[in-house]
Amino acid sequence: EIVKVETASDLMKISDNVSKGVTDYKGQTIEIMQDIDLSSETWVPIGNTSRPFRGNIQGNGYTISGIRSNDVYGGLIGCWASQKSSYIDNLIVENIQLTGKRSGGIVSTLWVDENDKADISNVTVKGTINGISLISGGVVGAISGNGKVQISGCNIDVSMYSGPVYNDNYGCIGGVVGSATDSGSGELIISSCIVNGNITTEQTYSYCSSEAGGIIGLSKVKTFKIEQCSKKGRVSCKAYYAHTGGFIGSAEIRSDSSLIISDSYVNADITSTCTNGNSQCGGFIGHTTGAGGNPIKITNSYVTGSMDADNKAAFVCWYSEYVCPVVQNCYFDMAKLGLSKEQMVCHLETFSKDWLSGNITNSGGLSTDGMKVVDNYVGWDFENVWGMPVAFNECYPALKIEDFEEKGEKEEIDYSEYKIEIYSQFSNCNIGVNQAFGLLPAMVKDGEALKGEKGWLFAIKDEQIAEIQEYTDTEFGPSVT
């Protein structure tokens, strides 16, 4: 059953119906039919922990703007209890301002029971999450349960700040998800997500533990995958125990766990400050707990930006036995991170004095210039997954899902606006096209046509040469020969 929403009043009625117990919309889809502005409304998130929302949302590419909430469970949805195949798709939420203790740009709290599944896809979130927060995420604040959650194709540009909490002993903040926990069999997949914006948490309560990550603050699920994701901006954590990671603040490791990061990158300023000293941060994972097995695998990924902590590792700060995570075809900018070539995985029992390398292949630090050379990336797919930008991302490799001009790409020119002229080759030398491009503007300006054996075609606009080709009676542009 489809429930169409066209106005702010329609959307507020959805929220009102759930909170009053009229309906939880189980088996129904809320379909957004046009842009909705809530900036002049007092927004109450859809659903709460007593009466959760159980439906789906189809955004149709429309925008919901101006959500302002200081509700404890802040966001578009306060509490979402997924069913066998629940989804939120193709929605833009912008100009959000959330200050609750558990906030998410789309969902504050997501419950997903065993055999249930929740998909959040193709959503854009922009705005701020700023307040005394325990758990905050750009898309979802907190996930709990043994089901499967997949978050894909999302663009998050949210400034996030979690201020001091004086009567609680933890805080989790992440660019996509604040925290994800299960009781044995949960699965979380985050793919094709682009995360921008600064992420900061400061907790001053004694013995407080806080986690900050560019993708997730705290992961306690059996299976976790990050695929084709990027994080830019700042990730900063200050607490008695501070754990900061470019992707994951802290991850719990179990003997049956699986944590995989592939085809992803971090270009961020990562900072960790422990008020008790001995702070640590990792380019991908800032901290791990637990023991047993070797569940972490990182492939075809890189880290650049900067790091500031007492103890730092390019990829992982490891705290689970002396078994090195599997790292394959991964690289980092040595100069930018302030690390030497082998400082990829640090064992925290000895802090930065013990560097693990047993399961690391084709990986290590490169110079800043070396990070921008395709041939240095062993085993990477530069046809379908990666590209080398002309200017985007400081010319470091970027994902094809991002919008940028690649090196070697030829910009299409509309030659209908250009004058096409033929000039002869220089009479005194056999000069190539690249050389001619640098020398011929003066010749064109002077109106000279130097004689020689070969001809050249010039595309001229506003007395500027756009392109030069050797004249061989072949098509030049769409219609000129």
Side-chain angles (χ1 to χ4, degrees), residues 194-195 214-215 226-235 244-248 260-272 280-286 296-309 311-318 324-347 352 354-402 404-408:
I194 308 303
V195 183
I215 299 292
I226 298 174
E227 304 167 338
Q228 291 194 42
C229 292
S230 70
K231 165 58 188 168
K232 297 189 187 78
R234 182 177 68 241
V235 185
T244 316
F247 276 165
I248 303 171
I260 297 173
I261 299 172
S262 63
D263 290 305
S264 299
Y265 74 87
V266 174
N267 186 352
D269 300 320
I270 306 168
T271 303
S272 182
Q280 67 254 3
C281 67
F284 293 123
I285 305 174
I296 296 179
K297 183 176 181 179
I298 307 173
T299 61
N300 296 11
S301 300
Y302 77 86
V303 178
T304 187
S306 68
M307 284 185 170
D308 186 8
N311 307 279
K312 55 187 181 180
F315 301 143
V316 183
C317 283
W318 183 249
C324 181
V326 175
V327 178
Q328 297 174 342
N329 308 335
C330 293
Y331 306 94
F332 67 95
D333 190 319
M334 293 185 293
K336 291 287 187 71
L337 301 188
L339 294 169
S340 59
K341 185 175 183 179
E342 75 283 354
Q343 293 178 325
M344 293 174 279
V345 178
C346 166
H347 196 284
S352 296
D354 196 350
W355 297 93
L356 306 182
S357 59
N359 293 311
I360 299 177
T361 56
N362 293 329
S363 301
L366 297 173
S367 67
T368 299
D369 289 340
M371 292 286 292
K372 302 173 183 180
V373 177
V374 170
D375 291 345
N376 288 335
Y377 293 88
V378 177
W380 287 36
D381 184 353
F382 277 92
E383 290 294 325
N384 303 299
V385 178
W386 292 95
M388 194 65 78
V390 172
F392 176 76
N393 196 36
E394 302 174 70
C395 299
Y396 290 97
L399 296 165
K400 295 278 190 180
I401 59 174
E402 300 177 277
F404 62 92
E405 180 186 354
E406 291 189 52
K407 291 180 180 178

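The chain is numbered in sequence order, starting from 1.
- The CD atom of Glu394 lies 9.0 Å from the CG atom of Asp333; values are rounded to the nearest 0.5 Å.
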Item to complete: Would you please test Lys407 and Val390 for side chain to side chain contact (heavy atoms under 4.5 Å, CB included) and show each step?
Response: CA-CA 5 Å; Lys407 291 180 180 178; Val390 172; 4.2 Å; yes
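- Proximity of a side-chain donor or acceptor of Ser363 to a complementary backbone N or O of Tyr331 within less than 3.5 Å is not detected.
- Using a 4.5 Å cut-off on side-chain heavy atoms (C-beta onward), Phe392 and Glu405 make no contact.
- Note that CZ of Phe315 is 11.5 Å distant from CD1 of Ile285, once rounded to the nearest 0.5 Å.
- Scanning all heavy atoms of the two residues, the minimum distance from Ser230 to Ile194 falls at OG-CD1, 3.4 Å.
- Pairs of residues two or more places apart, or lying in two chains, never qualify as salt bridge (Lys or Arg N to Asp or Glu O under 4.0 Å) while including a residue from residues 358-379.
- Lys297 NZ to Ile261 CD1: the interatomic distance, rounded to the nearest 0.5 Å, is 13.0 Å.
- You'll find the side chain of Ile226 reaches within 4.5 Å of the side chain of Ile248, heavy atoms only.
- When each of Val326, Ile296, Val327, Val345 is checked for a side chain to side chain contact (heavy atoms under 4.5 Å, CB included) with Asn359, only Val326 meets the rule.
- Residue Pro389 comes nearest to Ala398 through the heavy atom pair CG-CB, 3.9 Å, listed as atom of the first residue, atom of the second, then distance.
- In terms of heavy atoms, Met334 sits closest to Gly365 at CG-CA, 3.4 Å.
- Ring geometry for Tyr396 against Tyr302 counts as parallel: the plane angle stays under 30°, on a 0 to 90° scale with 60° as the upper cut.
- In this structure, the separation between OG1 on Thr299 and CG on Asn362 is 12.0 Å, given to the nearest 0.5 Å.
- Remark: Asn300 CG to Gln228 CD distance equals 10.5 Å, nearest 0.5 Å.
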Discussion item. What verdict does the side chain to side chain contact (heavy atoms under 4.5 Å, CB included) test give for Val266 and Val235, after you've listed the backbone C-alpha separation in whole Å, the side-chain angles of each residue and the deciding distance to 0.1 Å?
Written reply: CA-CA 10 Å; Val266 174; Val235 185; over 6 Å; no
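- Aromatic ring orientation, Phe382 versus Trp380: parallel (interplanar angle below 30°, classes split at 30° and 60°).
- No side-chain donor-acceptor contact under 3.5 Å links Asp308 and Thr271.
- Side chain of Asn393 to backbone of Pro397: a donor-acceptor contact under 3.5 angstrom is found.
- Between Trp386 and Tyr265, the ring-plane angle classifies as tilted under the 30° and 60° cut-offs.
- Shortest non-hydrogen contact noted between Cys395 and Met388 is O-SD, 3.5 Å.
- Lys312 places a side-chain N or O within 3.5 Å of a backbone atom of Leu337 that can act as its donor or acceptor partner.
- Between Gln280 and Ser272, the shortest heavy-atom distance links the atoms O-OG, 3.0 Å.
- Annotation: the span from Tyr377 atom OH to Ser301 atom OG amounts to 11.0 Å, rounded to 0.5 Å.
- Taking every heavy atom of both residues into account, Ala313 and Met307 meet most closely at O-CE, 3.1 Å.
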